[in-house]
Amino acid sequence: MRSISKIAALPASADSKAALETLKALSTSAGPSAKEAVRLQFRSRTGASQNVPLPPLALKLLIEILRQTAAGNAVSILPLRKEVTTHEAAEILNVSRPFVIGLLEKREIPFRKVGTHRRIPLAALLEYKCKTDAIREENLDFLAAQAQELKLY
């Protein structure tokens, strides 16, 4: 079974500075809610230049990558398909594969079978992840408020 390939990079100080400069330039020219493709101009070492379109989704992703790089954070790019395997779902949720299978058997996440293999719609998996992340965040906020109330900090 093939694992989801990951690209991860820890930025050097010069990378972070360059990312911040590029982020400022993109934010000024494209704006936070760009709905149309922006055009980027590349200039080669020989001086030849080329204008290429950058679709809105790619721009949004690029801005987030630049924001994280400028902050000195490592960046990971995870290519995803419309359906994922239980192994890939476990990687995305950061849980074990048996735990994912348990979620599927309890019908908490929809899936289909291809022979004996389960395939999970990516949209359903990400919806489950968002829902559980929101619940986790709400619970942490509640616990933090209780700790402050009881002066346990």
Side-chain angles (χ1 to χ4, degrees), residues 1-40 53-114 116-153:
M1 200 177 301
R2 207 176 97 206
S3 176
I4 296 175
S5 63
K6 293 181 183 178
I7 301 170
L10 186 62
S13 177
D15 295 327
S16 294
K17 288 177 186 172
L20 183 59
E21 184 179 327
T22 305
L23 181 60
K24 285 178 183 175
L26 275 178
S27 297
T28 304
S29 64
S33 61
K35 291 183 173 67
E36 295 180 15
V38 296
R39 297 199 64 83
L40 297 179
L54 185 64
L57 177 60
L59 176 62
K60 182 180 174 183
L61 293 170
L62 178 59
I63 287 172
E64 184 58 27
I65 290 168
L66 291 169
R67 186 176 290 124
Q68 294 302 322
T69 304
N73 296 326
V75 176
S76 178
I77 298 172
L78 185 64
L80 302 171
R81 296 178 303 281
K82 289 183 180 182
E83 289 187 323
V84 295
T85 65
T86 53
H87 178 78
E88 292 166 335
E91 286 184 356
I92 291 167
L93 296 177
N94 198 28
V95 297
S96 69
R97 186 175 166 274
F99 183 80
V100 169
I101 292 169
L103 293 172
L104 300 178
E105 289 174 355
K106 289 188 254 177
R107 301 287 182 203
E108 292 192 35
I109 303 172
F111 70 99
R112 71 182 180 99
K113 277 200 159 185
V114 179
T116 59
H117 302 283
R118 296 169 184 88
R119 296 292 180 259
I120 304 161
L122 178 60
L125 181 68
L126 294 177
E127 183 179 323
Y128 173 83
K129 182 175 175 20
C130 285
K131 182 177 74 173
T132 56
D133 286 351
I135 291 168
R136 186 178 302 111
E137 188 69 33
E138 189 177 302
N139 289 339
L140 285 172
D141 289 345
F142 175 75
L143 290 172
Q146 276 190 326
Q148 286 183 346
E149 202 174 287
L150 298 171
K151 298 184 190 314
L152 297 175
Y153 50 93

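- Atom CD of E91 and atom OG1 of T85 lie 7.5 Å apart (nearest 0.5 Å).
- Using a 4.5 Å heavy-atom threshold, the side chains of L93 and F99 count as separate.
- Distance alone, capped at 3.5 Å, is enough to place a donor-acceptor pair between the S16 side chain and the T69 backbone.
- Atom CG of D141 has more than 12 heavy atoms from other residues, nucleotides or ligands within 6.0 Å.
- Nearest approach of A70 to A19, heavy atoms of both residues: N-CB, 3.8 Å.
- Taking the side chain to side chain donor-acceptor pair (under 3.5 Å) definition, one finds that Q68 meets it with E64, N73, sequence neighbours left out.
- With T22 as reference, L66 is the one residue of I63, L66, L62, I65 to meet the side chain to side chain contact (heavy atoms under 4.5 Å, CB included) rule.
- Residue E127 qualifies as open at atom CD: its count of foreign heavy atoms under 6.0 Å is 12 or below.
- Looking at F111 and T86, their side chains never come closer than 4.5 Å, going by heavy atoms from C-beta outward.
- E105 and R118 make their closest contact through OE2-NH2, 3.6 Å (heavy atoms, listed as atom of the first residue, atom of the second, distance).
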Please evaluate residues V84 and R119 with respect to the criterion side chain to side chain contact (heavy atoms under 4.5 Å, CB included), reporting the C-alpha separation (whole Å), side-chain torsions for both, the decisive distance (0.1 Å), and the verdict.
CA-CA 6 Å; V84 295; R119 296 292 180 259; over 6 Å; no
Just do the side chain to side chain contact (heavy atoms under 4.5 Å, CB included) check on L122 and I92 with the steps written out, would you?
CA-CA 10 Å; L122 178 60; I92 291 167; 4.2 Å; yes
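- Taking all atoms of both residues into account, the shortest heavy-atom contact from A58 to L54 is CB-CD1, 3.6 Å.
- When every heavy atom of D133 is checked against every heavy atom of R136, the shortest pair comes out as OD1-NH1, 2.8 Å.
- Note that the NE2 atom of H87 and the CZ atom of R97 stand 9.0 Å from one another [nearest 0.5 Å].
- The local environment of CD in Q146 is crowded, with over 12 non-hydrogen atoms from other residues, nucleotides or ligands closer than 6.0 Å.
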Begin from the C-alpha positions of L152 and L143 and carry the test side chain to side chain contact (heavy atoms under 4.5 Å, CB included) through to its verdict.
CA-CA 11 Å; L152 297 175; L143 290 172; over 6 Å; no
